[in-house]
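Here the structure is laid out as structure tokens; the discussion comes afterwards.
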Amino acid sequence: MTNYFRITGYYPQEDFCFIVDANGKFDQVWKFSSMLVKKGIKILEVGDSEKFLDVNLTKVSETSEKIFLRATAKGKPEYASITLNGAEYRAVKVGDKTYIPNKN
């Protein structure tokens, strides 16, 4: 998957967090991040498809000029330790969706 990026953000003015994916809209992850920062969003996690692991949030298969809102929740995201295949990771949970932002 080329140019597949995922960002977890927090919007303090309305006290909600979210996970958004872009598959093909941006050629660099910093362009995706800067677009959100300009709107007052705090970026909490950033990654491309090579850096994150899905737990119960699969990647968008459609290549598009759209940004895909994958999950939202009131407040900041939750962080938890998850063990997969014998390795322990720090996972992000937004609503009922969970992923591992850095698989290393």
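Contacts classified as side chain to side chain donor-acceptor pair (under 3.5 Å) and involving residues 31-42 (residues at least two apart or in different chains) are given here: Asp27-Lys31. Counting only residues at least two apart or on different chains, the salt bridge (charged side-chain N to carboxylate O under 4.0 Å, His left out) pairs with a member in residues 6-26 are Arg6-Asp21, Arg6-Asp54, Asp21-Arg70.
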Side-chain donor-acceptor pairs of residues 90-97 under 3.5 Å, sequence neighbours excluded:
none

Table please: side-chain donor-acceptor pairs of residues 76-84 below 3.5 Å, with sequence neighbours left out.
unit_1 : atom_1 : unit_2 : atom_2 : d
Tyr79  : OH     : Glu45  : OE2    : 3.0
Ser81  : OG     : Glu88  : OE2    : 3.3

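Under a hydrophobic-cluster definition in which Ile, Leu, Val, Met, Phe, Trp and Tyr are linked whenever side-chain heavy atoms come within less than 4.5 Å, directly or via other members, Val46 and Trp30 are assigned to different clusters. By the rule that hydrophobic residues join a cluster once side-chain heavy atoms approach within less than 4.5 Å of another member, Val55 and Leu53 end up as members of one cluster. The hydrophobic cluster containing Phe32 does not contain Tyr4, counting ILVMFWY residues as joined when their side-chain heavy atoms lie under 4.5 angstrom apart, directly or transitively. Placement of Leu44 and Val29 in two distinct hydrophobic clusters is found when ILVMFWY residues are connected by side-chain heavy-atom separations under 4.5 Å, directly or transitively.
A 4.5 Å side-chain heavy-atom check between Ile7 and Leu36 finds at least one atom pair inside the cut-off. For the pair Leu69 and Phe18, the minimum side-chain heavy-atom distance is below 4.5 Å. Inter-residue side-chain proximity for Asn102 and Tyr89 is flagged as unmet; no heavy-atom pair is nearer than 4.5 Å. Residues Phe68 and Val20 form no side-chain contact, since every pair of their non-hydrogen atoms from C-beta on lies 4.5 Å or further apart. Residues Ile19 and Tyr99 meet the side-chain proximity criterion, which asks for heavy atoms closer than 4.5 Å.
Under the side chain to side chain contact (heavy atoms under 4.5 Å, CB included) criterion, Asp48 pairs with Phe5, Glu50, Lys51, sequence neighbours left out. For Gln13, the side chain to side chain donor-acceptor pair (under 3.5 Å) criterion is met by Tyr11, not counting sequence neighbours.
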Side chain to side chain contact (heavy atoms under 4.5 Å, CB included) assessment of Ile43 paired with Tyr10: CA-CA 7 Å; Ile43 305 299; Tyr10 174 68; over 6 Å; no

